[in-house]
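Right, one structure below, let's go through it.
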2 protein chains.
Amino acid sequence: MKTVYERADIVPVFAETFRELGYEGATLSRITERTGIGKGSLYHFFPGGKEEMAGAVLADIDAWFEQAIYRPLRNDDARQAIAAMWVNVNDYFRAGGRICLVGAFALDDTRERFSSGIADYFIRWIEALRSALMRAGCAETEAQTLAEEGVCGIQGALVLSRALRDGTVFTRSLKTLANRLEAATR
Amino acid sequence: MKTVYERADIVPVFAETFRELGYEGATLSRITERTGIGKGSLYHFFPGGKEEMAGAVLADIDAWFEQAIYRPLRNDDARQAIAAMWVNVNDYFRAGGRICLVGAFALDDTRERFSSGIADYFIRWIEALRSALMRAGCAETEAQTLAEEGVCGIQGALVLSRALRDGTVFTRSLKTLANRLEAATR
DNA sequence: TCTCTGCTGTACCGATCGGTATATCAATCT
DNA sequence: AGATTGATATACCGATCGGTACAGCAGAGA
C-alpha cells in the first residue's frame, strides 16, 4: 500500500494530540498511534522531529487566525468583523471543548521553544482587535484596554470551562465580553 | 549528615517545578535536582510518587487560597475583601511572573488526575467572590456573571502576560477588572 | 553502649523516550 | 524492463523515564 499523506492532512491531527496531551505529554508513540503514521513517514515529512511537528501546528493555527480573524478585523467593516470574531472563536474552540494551544504552550517551559511565535499570535490578535474597535468609534486608550480584555477573557474562559468541564461557561463568557465591547462602540 | 526535611518545606519547591515544567515535564530527576533531595527521601515522604507530590502541591495551593482569598470574601467586609483579593492575587502570581498551576493542569490531560480538586478550586473562588459581590450590593445574576468574569480574567491575564513576557499586562488587567467590579457595587 | 527507627544515597529495574538507519515497497521515468 | 525516487515499516540506539530495593547512617531511647 502506498498511502501518501500530505502535511496538510497530518498537521490537524498533531494539533489535537498536542492540545490534549501538551508538548511533553505528546510522545512520538502517541502521535504515531493517533495519526496512524509510522515513525518512518513522520520523520520523512518532519525531519526536525517533535519540535518541527509542533512548529507546523503553530504555523497552521497562526494562518487560520490570520485569515479568519485578524484580517477581517483589520480590513472589513469593524462592527461586523468583531461580531464575526465571537462566532468564529466559539466555533473554533468548540464552545470550550478545545483549548488554545498557543496559550497552553505559553504557560510552561514549552514557551521557550516557540517564544516569538507565541508572542506574535497574541500581539497581532490584540492589535487587530484594537484597530477594529477604533474604527468602530473607540478612543485609542479604551480600544487598547478593551482589546486586551477581550483576548484575555477568551483565554481565561478556555481555562475555566476546561476546569469546570462546562462548555456553557465558555459561550456565556464570550457573550459577556461581546456585550462589553459592543457597549463601548456606541 | 542528617538533614530532616519537612513536607511543608519541600512542597513549595515542587510547586515551582511543576509550574515551570508542567506535570509531564517535571521529571523526577528535575525534581531531585531542584529540591536537592534524593529519590530515597522523596519516596519516603511521598510513597505515591509524582502524583502524590503534585497532589500535595494542589492541596497546599488550595489551603492558601482558602485562607487568604476565599474566607475573607465570604466572611469579611465585602468591599475590603474584594480589594484585598486583587492585591493578594497580584502578589501571589508575582505580577504575572508565576502561573496558576491549577489552571495549567486544567488545560491538558493532567486534568484527569486531579479533576475534582481543579474544579473545586474554581467553583469555590467564584462562589466566594459572588457572595462578596452580593453583600456589596450586586444583584444575584450580575454578581454571578461578574464573579465568573473576574476569575476568568485573572486566568487569561496569566496566559497573556506569560505569552508576551510582560508583567505589566497582568497588573494592568487586574486593575481593569477591579474597576469593573467596583463600578458594579455602587 | 547497643539497639532501633527514620531518613538518605545509590544501584538497579523494565519501559519508554526521541531519534536514526535501513530494507522494502509502490509508482514513475527512461 | 530496469533504474530511480519518494514513502513506509521496522529494528535498533543510548538516554532517561517513574519507581523499587536496599544498605548504611545519624540520633533517640534503653
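None of the values given here were measured: they were computed from a predicted structure. Computed from heavy atoms alone, side chains included, the values below leave out hydrogens, waters and symmetry copies. The chains referred to below are lettered A, B, ... by the order of the sequence lines, with proteins before strands, and numbering in each begins at 1.
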For DNA chain D, what is the dot-bracket line, given that a base pair needs Watson-Crick (N1 to N3, plus N6-O4 or O6-N4) or G-U wobble (N1-O2 and O6-N3) geometry with both distances under 3.5 Å, and | means paired with another strand? ||||||||||||||||||||||||||||||
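- The nearest whole Å value for the distance from the NE2 atom in His44(B) to the C1' atom in dT10(C) is 17 Å.
- Looking at Gln144(B) and Glu148(B), their side chains do bring a donor and an acceptor atom within 3.5 Å of each other.
- Looking at residues 26-41 of chain A, you'll see Gly38(A), Lys39(A), Gly40(A), Ser41(A) sit with a heavy atom under 4.0 Å from some atom of DNA chain D.
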Might you work through the side-chain hydrogen bond (donor to acceptor under 3.5 Å, both in side chains) test for Arg135(A) and Ser131(A), ending with a clear yes or no? CA-CA 6 Å; Arg135(A) 286 183 351 263; Ser131(A) 153; 2.9 Å; yes
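- Tracing side-chain contacts under 4.5 Å through hydrophobic residues (I, L, V, M, F, W, Y), one reaches Phe122(A) starting from Trp64(A); they form part of the same cluster.
- Rounded to whole angstrom, the span from the CE atom of Met53(A) across to the C1' atom of dC17(C) amounts to 13 Å.
- Atom-to-atom, CG of Leu21(B) to P of dC17(D) comes out at 11 Å; the value is rounded to the nearest Å.
- Side-chain contact check for Thr185(A) and Arg79(A): at least one donor-acceptor pair (N or O, by modelled atom type) lies under 3.5 Å.
- When distances run from any side-chain atom of Phe45(B) to the nucleotides dC7(C), dG18(C), dG18(D), the shortest one goes to dC7(C).
- Taking atom CD of residue Glu24(B) and atom C1' of nucleotide dT16(C), one finds them 12 Å apart after rounding to whole Å.
- Atom CG of Leu42(B) is separated from atom P of dC17(D) by 14 Å (rounded to the nearest Å).
- A salt bridge does not link Arg30(B) to Glu33(B): none of the charged nitrogens lies less than 4.0 Å from a carboxylate oxygen.
- Note on ring orientation: taking the six-membered ring where Trp is involved, the planes of Tyr23(A) and Phe114(A) are perpendicular (angle over 60°, cut-offs 30° and 60°).
- Tyr43(A) has its OH atom 17 Å from the P atom of dC13(D), to the nearest Å.
- Expressed to the nearest 0.5 Å, how far CE of Met134(A) lies from OG1 of Thr141(A) amounts to 9.0 Å.
- Across the protein-nucleic acid pair, Lys50(A) atom NZ and dT16(D) atom P stand 15 Å apart, rounded to whole Å.
- Regarding Glu51(B), its CD atom lies at a distance of 18 Å from the P atom of dC17(D), rounded to whole Å.
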Start with the C-alpha distance between Cys100(B) and Tyr121(B), add both sets of side-chain angles, then the distance that settles side chain to side chain contact (heavy atoms under 4.5 Å, CB included), and finish with yes or no. CA-CA 11 Å; Cys100(B) 176; Tyr121(B) 170 87; 3.5 Å; yes
Using distance only, find each side-chain donor-acceptor pair of residues 54-63 of chain A under 3.5 Å and give its atom names and separation, not counting sequence neighbours.
from, atom 1, to, atom 2, distance (Å)
Asp62(A), OD1, Arg124(A), NH1, 2.9
Asp62(A), OD2, Arg124(A), NH1, 3.2
Asp62(A), OD2, Arg124(A), NH2, 3.0

